[in-house]
Amino acid sequence: MPKEEKTSLDGSFNMKRAVMFAVAVLVTLVLWFLPLDAYGIEGLTIIQRRIISIFAFATILWISEAIPSWATSVSVIGLLLFTTSNSAFNFMRDGIDKSELLSHQDIMATFADPIIILFLGGFILAIAATKSRLDVFLARTLIKPFGIKSENVLLGFLLITGVFSMFVSNTATAAMMLTFLTPVFKALPPDGKGRVALTLSIPVAANIGGMGTPIGTPPNAIALKYLNDPNGLDLNLGFGEWMAFMLPLTIVLLLIGWMLLKKFFPFKKKTIHLSIDGSVQHNWRTVVVAVTFIITVLLWVFDKFTGVGANTVAMLPIVVFAVTGVVKARDLQDINWSVIWMVAGGFALGLALNDSGLASNAIKSIPFGEWSAVAILIISGIICYVLSNFISNTATAALLVPILAVVCKGMGPTLNSIGGTPTVLIGIAVAASVAMALPISTPPNAIAHSTGLVKQNEMMKIGIVMGIIGLVLGYTMLFVLGELHML
């Protein structure tokens, strides 16, 4: 019996999980029946109180892993449907205004969210690449310049992923890069930590890399929209100017990520001889895979020019490989469907927080206007970081940036001590990007977790440390630039 199975069947370990599950249930019940005015959130509704309870339930279970992450996500969707939706039990809807109830169709639609399609496209692309041995060729080509030293190969994955993520969806980048790992893993011993380091390098680099350009991740674009608004700050901050201060930060964080991954998950084998076995199959199916792969990547890179979003592009390999028979029905069994359920649960929770008005009410209840400039800078960053670990970083930025833009405008010269409004708004983009503590925090995290090679506590270890370092360095850089009036 594998070591992991023995551990999972150990009585004391099960008892620990049972206790944590009981704690989650107890906390949920307490919050469920707590008086509305006890929360200190103006205008809190019964539905919103239930969502707070479900949020607490999910948080405890996701962090403690009392039950598998995908099972927690499924339970979140079930609880939301049965207790907060317009299709909930009658007694759950009695006395509640219909406008407060969540749409059950919207909750169920999280299973077919565009990001889910992007996941499926990435998985299908990986399956086809493996079947045709194209992944062997790509791994050789991209990693060869970094030599045979294990640590340098790790650096190669970080830098390649980071650069792609500056211009391509981080989810698409992660899905693409993970297709190259399989042949590299064969050169490493199965009992070492090198595989964990390489797998985690993909989400770390994908999340960090997006900070480097205005188009790298949606929170950047949201912050830039308000910074360049002609009726607002009208800073006219350009693509090059953004890269001038964010690219150095991105490179520094990628190098820090490299050093941390080496330290936390050391390679047992110090060299990786990339004489990867196998060769590309020479047949028409390989040509189909290669051409589809190239077109898909190009469409991801040039989505701003084509107008076709990354999620829609992901349908291309699914359709082509299904029609041509490159991927058959039995190959679909290789898709890690548990990660699809896990991500859907995170989306459903984010939808509940936003559509119910709970997230907006909670943020508005925070007296930003009464705080000092430094307090606003630090606390807004922490709030953004915490929220982004549980709901979409795009949704978090879309929620916080408009509110903070108004607050900052009202504070006027008071913010000059920290460099003004740009420091606060760009800080939100930074905080959103470095939130990567859980498998549900970002799609790249979920994709890495879906490999089965990374445990949640390992992801939390690197994710929390990178998050703290990213926040400290990012906000320090913004503070210094603001003081020098370079923003």
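Numbers here are sequence positions counted from 1.
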S165 side-chain N/O to T161 backbone N/O, donor-acceptor pair under 3.5 Å | no
Can you tell me which residue pairs pass the ring pair (Phe, Tyr, Trp, His ring centres under 6.0 Å) test with a partner in residues 430-464, sequence neighbours excluded?
-> none
So K131 and V289, side-chain contact (heavy atoms from CB on, under 4.5 Å) or not? Walk me through it.
-> CA-CA 9 Å; K131 287 183 69 176; V289 174; over 6 Å; no
Side-chain contact test, heavy atoms from C-beta onward, threshold under 4.5 Å: evaluate it for L159 versus F146 and give yes or no.
-> yes
Determine yes or no for a side-chain-to-main-chain donor-acceptor pair under 3.5 angstrom, with S441 supplying the side chain and L438 the backbone.
-> yes
Check the side chains of T286 and N283 for a donor-acceptor pair under 3.5 angstrom, ignoring hydrogens and angles.
-> yes
d(K269 NZ, S150 OG) to nearest 0.5 Å is 7.5 Å
Let me have the donor-acceptor pairs involving side chains of residues 317-329, under 3.5 Å, with sequence neighbours excluded, atom names and distances please.
| unit_1 | atom_1 | unit_2 | atom_2 | d |
| --- | --- | --- | --- | --- |
| T324 | OG1 | V320 | O | 2.7 |
| K328 | NZ | G325 | O | 3.3 |

Separation between OG (S87) and CD (Q105), nearest 0.5 Å, reads 8.5 Å
Interatomic distance, L473 atom CG to M466 atom CE [nearest 0.5 angstrom] = 9.0 Å
Polar side-chain atom of S85 near backbone of H104 as donor-acceptor pair, under 3.5 Å | no
Closest contact, heavy atoms only, S388 versus A435 | CB-CB, 3.5 Å
Heavy atoms only: give me the nearest L80-A352 pair and the separation to one decimal.
-> CD2-CB, 3.8 Å
Can you name the nearest heavy-atom pair linking E458 to F265, along with the distance?
-> O-CZ, 3.7 Å
In Å and rounded to the nearest 0.5 Å, what is the CG to CG distance from N393 to N170?
-> 7.0 Å
Starting at NZ of K268, measure out to NZ of K193 and round the result to the nearest 0.5 Å.
-> 12.0 Å
Considering all heavy atoms of both residues, which atom of S356 and which atom of L102 are nearest to each other, and what is their separation?
-> N-CD2, 3.9 Å
Hey, could you give me each pair passing side-chain hydrogen bond (donor to acceptor under 3.5 Å, both in side chains) that has a residue in residues 203-221? Not counting sequence neighbours.
-> N207-T442, N207-N445
Mind checking what makes ring-ring contact (aromatic ring centres under 6.0 Å, His included) contact with F264, not counting sequence neighbours?
-> none
From K455 atom NZ to K461 atom NZ, the distance as rounded to the nearest 0.5 Å | 11.5 Å
Donor-acceptor pairs under 3.5 angstrom involving side-chain atoms of residues 20-31: please list them, not counting sequence neighbours.
| unit_1 | atom_1 | unit_2 | atom_2 | d |
| --- | --- | --- | --- | --- |
| T28 | OG1 | A24 | O | 2.6 |

L255/L155 under side-chain contact (heavy atoms from CB on, under 4.5 Å): CA gap, chis, key distance, verdict = CA-CA 8 Å; L255 293 175; L155 178 62; 4.1 Å; yes
Write down the atom of C384, the atom of A432, and the distance for their closest heavy-atom approach.
-> SG-N, 3.7 Å
Under the 3.5 angstrom rule, does the side chain of W258 hit a backbone N or O of E151 as a donor-acceptor pair?
-> yes
For M92, does its backbone N or O pair with a side-chain atom of R50 as donor and acceptor, under 3.5 Å?
-> yes
Please report the closest heavy-atom contact between A58 and L349, naming both atoms and the distance.
-> CB-CD2, 4.3 Å
Counting only N and O atoms by type, is there a donor-acceptor contact under 3.5 Å from the side chain of S53 to the main-chain atoms of R49?
-> yes
Return the set of residues passing ring-ring contact (aromatic ring centres under 6.0 Å, His included) with F111 (not counting sequence neighbours), or none when no residue passes.
-> W341
